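Fair warning: this is a prediction, and the values are worked out from it, not measured in the lab. Chain naming here is simple, since letters A, B, ... match the order of the sequence lines and numbering starts at 1 in each.
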There are 2 protein chains.
Amino acid sequence: MSTGGEPKRRSACPLNASLEIFGDRWSLLVVRDLMFRGRRRFKDFLGSDERIATNILAERLQRLEANGIIERRRDARDARRVNYALTEKGIDLAPVLVEMIVWGARHEKTAAPPKMIRDMVRDRDAVVTAIRERWKNAKDT
Amino acid sequence: MSTGGEPKRRSACPLNASLEIFGDRWSLLVVRDLMFRGRRRFKDFLGSDERIATNILAERLQRLEANGIIERRRDARDARRVNYALTEKGIDLAPVLVEMIVWGARHEKTAAPPKMIRDMVRDRDAVVTAIRERWKNAKDT
DNA sequence: CCGGATCCGTTTCGATACTG
DNA sequence: CAGTATCGAAACGGATCCGG
């Protein structure tokens, strides 16, 4: 399983290229957990409301890593534990996530976490910038 | 198949609500064909590079309609033909599509249609506004 | 325990053939 | 033209097992 696989993909359309990577029910939920909820570990992802199965999660984590969206690292202080982190490429998904969240909050009945949604609607760029800042400062974690 | 089904969905997370609707390989490609390529008919969608199967296309069209993202109408001039069109809710997906296209163009090797991509990167809001204008003017079509 | 891998029944997908 | 019907392949997902 070579971790640093180059994207030899050749979709005619960039949208299709994106969908080939994260066009499924689970991949972006994992990215959300990393990006907005500070989750890092296998067990954390299992705890989300959507109840992903362990085998599905394992496969998605591999796929996201193979596509350069997340990185897998052993915890520096406790070698038994594994941490996942977003790469630059993964952080660049922030605008996509924000727009999907804004759309879902506007058009679907969700038990919406109200504050962050209102922030996103009011100033999406600020939210995206804040995410980037937070990950820049946490790069050593 | 009631066409005007209300979204009784209750996802805790708006992102998950969005993914429940279009979190698959094909739905957003159909929206793209409507939004950026002026396609309206079943046959048109079949003509795209990604080669969607007829049964999958039929199901996705039904699902998008059931979720209020597209409308299905018989052609006024030729009752044999069927036209699909984006609803307001569907047009509101423009920012999502634009961000996914920008991300894909930046991070994946695609045979990129260069001009519109550069426009999107330079000024996404202008592209989204242009899409809205175009659909407002074509509402009678 | 944590981070998965494996097994296995069920559901969904998708290529092709076919139909009104 | 605009879809259905069919049917094998793939994905899902719950349960269980396993190495560290």
Practice problem: Check DNA chain D against residues 51-61 of chain A and give the residues with a non-hydrogen atom under 4.0 Å, in numerical order. | Solution: A:A53, A:T54, A:N55, A:I56, A:R60

Contact check, side chains of [X] and [Y], non-hydrogen atoms, under 4.5 Å:
| X | Y | answer |
| --- | --- | --- |
| A:I52 | A:L29 | no |
| B:I91 | B:E88 | yes |
| B:V82 | B:R73 | no |

Contact class for [X] (heavy atom, under 4.0 Å): base, sugar-phosphate, or nothing?
| X | answer |
| --- | --- |
| A:Y84 | sugar-phosphate |
| A:R72 | sugar-phosphate |
| A:R25 | nothing |

Under-4.0 Å salt bridge between [X] and [Y]:
| X | Y | result |
| --- | --- | --- |
| A:R63 | A:E20 | no |
| A:D75 | A:R80 | no |
| A:R124 | B:E99 | no |

Quiz item: For B:W26 and C:dG14, is the shortest distance between a side-chain N/O and OP1 or OP2 below 4.0 Å?
Solution: yes

Exercise. Output the distance between atom CG (A:D24) and atom CZ (A:R60), rounded to the nearest 0.5 Å.
Key: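 A:D24 CG to A:R60 CZ: 4.0 Å, rounded to 0.5 Å.
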
Quiz prompt | B:W103 side-chain N/O to A:K89 backbone N/O, donor-acceptor pair under 3.5 Å | solution =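 Confirmed, B:W103 side chain pairs with A:K89 backbone.
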
Quiz item: Within the distance-only criterion (no hydrogens, no angle test), does the side chain of A:S18 pair as donor or acceptor with the backbone N or O of A:P14 below 3.5 angstrom?
Solution: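 Yes; at least one donor-acceptor contact below 3.5 Å.
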
Quiz item: Over its full length, what angle do the end axes of the helix from C:dC1-D:dG20 to C:dG20-D:dC1 make, each axis taken from five pairs and the result rounded to 10 degrees?
Solution: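 Roughly 30°, once rounded to the nearest ten degrees.
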
Self-check item: Pairwise ring pair (Phe, Tyr, Trp, His ring centres under 6.0 Å) hits with a residue in residues 29-86 of chain B, at least two apart
Solution: none

Quiz item: Considering residues at least two apart in sequence or located in another chain, which fulfil the side-chain contact (heavy atoms from CB on, under 4.5 Å) criterion with B:R51?
Solution: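 Residues passing side-chain contact (heavy atoms from CB on, under 4.5 Å) with B:R51: none at all.
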
Self-check item: Sorted by number, the residues of residues 28-38 of chain A with heavy-atom contact under 4.0 Å to DNA chain C
Solution: none

Practice problem: Name the first nucleotide and the last nucleotide along DNA chain D (5' to 3') that come under 4.0 Å of a heavy atom in chain B. | Solution: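 Here the contact window of chain B covers D:dC1 to D:dT6.
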
Self-check item: Heavy-atom pair of closest approach, residues B:L15 and A:L28
Solution: CD2-O, 3.7 Å

Send over the distance from [X] [atom1] to [N] [atom2], rounded to a whole Å.
| X | N | atom1 | atom2 | result |
| --- | --- | --- | --- | --- |
| A:E20 | C:dG14 | CD | P | 12 Å |
| B:F42 | C:dG20 | CZ | C1' | 14 Å |
| A:R41 | C:dG4 | CZ | C1' | 13 Å |

Practice problem: Taking atom types as modelled, find out whether B:N55 and B:E59 have a side-chain donor-acceptor pair closer than 3.5 angstrom. | Solution: no

